[in-house]
Amino acid sequence: MISLAESQLRTTRMQKLLNEKGLDGSLFIFPIDVYYYTGTRQNSALWIPVEGEPMLLVRKSYSRAKEESPIADIRPFPSS
């Protein structure tokens with residue numbers, strides 16, 4: 001698990017990098033990257049916009065992701 005403060009710090013650093021490169025955001029799908037920012041290893045994707053709060057889209061175990069991650073915006077992401 002990751003603390004809210006650490007998650008926010010990591011997200012802020014990424015947003016600064018995105019801003020410097022002129023990008024709108026970054027989509028993370030590799031499990032280790034998602035875990036680094038969210039603290040959960042659920043099958044999911046993470047969107048970090050250049051401004052605002054990140055969004056975690058969870059394919060499996062939505063309830064577990066809610067328990068493990070300090071990310072405020074966690075949504076179910078049904079498989080195609």
Side-chain angles (χ1 to χ4, degrees):
M1 255 200 319
I2 186 175
S3 70
L4 175 60
E6 185 63 28
S7 178
Q8 289 173 334
L9 178 64
R10 293 174 182 183
T11 298
T12 300
R13 286 184 194 151
M14 175 53 66
Q15 288 174 321
K16 183 179 177 191
L17 258 167
L18 293 168
N19 190 39
E20 289 171 0
K21 295 189 180 289
L23 299 172
D24 294 330
S26 185
L27 181 65
F28 295 90
I29 57 172
F30 191 64
I32 298 302
D33 294 332
V34 173
Y35 178 75
Y36 177 79
Y37 289 99
T38 68
T40 187
R41 292 267 329 234
Q42 300 310 304
N43 184 356
S44 57
L46 174 67
W47 171 250
I48 298 180
V50 71
E51 291 180 4
E53 297 299 315
M55 177 177 35
L56 182 62
L57 303 165
V58 181
R59 288 195 187 274
K60 288 192 176 183
S61 197
Y62 170 77
S63 59
R64 185 171 165 196
K66 293 283 282 184
E67 289 175 20
E68 292 178 344
S69 180
I71 300 293
D73 191 0
I74 300 177
R75 303 177 191 191
F77 186 42
S79 62
S80 53

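Side-chain atoms are counted along with the backbone in the values below, which use heavy atoms only and exclude waters and symmetry mates.
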Inset, instruction - Look at atom OH of Tyr62 and say whether more than 12 heavy atoms of other residues, nucleotides or ligands are closer to it than 6.0 Å. - result: yes
Legend entry - Nearest-0.5 Å distance, CZ of residue Arg59 to CD of residue Gln42: 13.5 Å
Legend entry - 4.5 Å side-chain heavy-atom contact, Ile74 and Val58: yes
Inset, instruction - To the nearest 0.5 Å, tell me how far Thr12 OG1 sits from Gln8 CD. - result: 7.0 Å
Inset, instruction - Begin from the C-alpha positions of Thr40 and Ile2 and carry the test side-chain contact (heavy atoms from CB on, under 4.5 Å) through to its verdict. - result: CA-CA 8 Å; Thr40 187; Ile2 186 175; over 6 Å; no
Legend entry - Residues that Tyr37 engages under ring-ring contact (aromatic ring centres under 6.0 Å, His included), provided they are two or more places apart: Phe28
Legend entry - Beyond-backbone contact of Arg41 with Glu68, side-chain heavy atoms, under 4.5 angstrom: no
Inset, instruction - First locate atom CG of Leu27, then atom CG of Asp24, and finally report the distance between them rounded to the nearest 0.5 Å. - result: 13.0 Å
Inset, instruction - Answer yes if Leu56 and Trp47 sit in the same cluster of Ile, Leu, Val, Met, Phe, Trp and Tyr residues linked by side chain heavy atoms under 4.5 Å apart, and no otherwise. - result: no
Legend entry - Atom pair CG (Leu17) and OG (Ser26), whose distance is rounded to the nearest 0.5 Å: 9.5 Å
Inset, instruction - Determine whether more than 12 heavy atoms belonging to other residues, nucleotides or ligands lie under 6.0 Å from atom CG of Leu23. - result: yes
Inset, instruction - Evaluate whether atom CD of Glu51 has more than 12 neighbouring non-hydrogen atoms of other residues, nucleotides or ligands under 6.0 angstrom away. - result: no
Inset, instruction - Using the rule that two of Ile, Leu, Val, Met, Phe, Trp, Tyr join whenever any of their side-chain heavy atoms come within less than 4.5 Å, decide whether Leu46 and Phe77 are in one cluster. - result: no
Legend entry - Residue that, paired with Ile32, satisfies side-chain contact (heavy atoms from CB on, under 4.5 Å) out of Tyr35, Tyr36, Phe30: Phe30
Legend entry - Separation of Thr38 OG1 from Asp33 CG (nearest 0.5 Å): 10.0 Å
Inset, instruction - Please report the shortest heavy-atom distance between Ser7 and Ile71, naming the atom on each side. - result: OG-CD1, 3.6 Å
Inset, instruction - Mind checking the OG-CD spacing from Ser61 to Glu67? Nearest 0.5 Å is all I need. - result: 7.5 Å
Inset, instruction - Flag yes if more than 12 heavy atoms outside Glu53 fall under 6.0 Å of its CD atom; otherwise flag no. - result: no
Inset, instruction - Is it possible for you to say whether Leu18 and Val34 belong to one hydrophobic cluster, with membership spreading through side-chain heavy-atom contacts below 4.5 Å? - result: yes
Inset, instruction - Just do the side-chain contact (heavy atoms from CB on, under 4.5 Å) check on Asn19 and Lys21 with the steps written out, would you? - result: CA-CA 5 Å; Asn19 190 39; Lys21 295 189 180 289; over 6 Å; no
Inset, instruction - May I have all residue pairs that pass ring pair (Phe, Tyr, Trp, His ring centres under 6.0 Å) and include part of residues 7-27, sequence neighbours excluded? - result: none
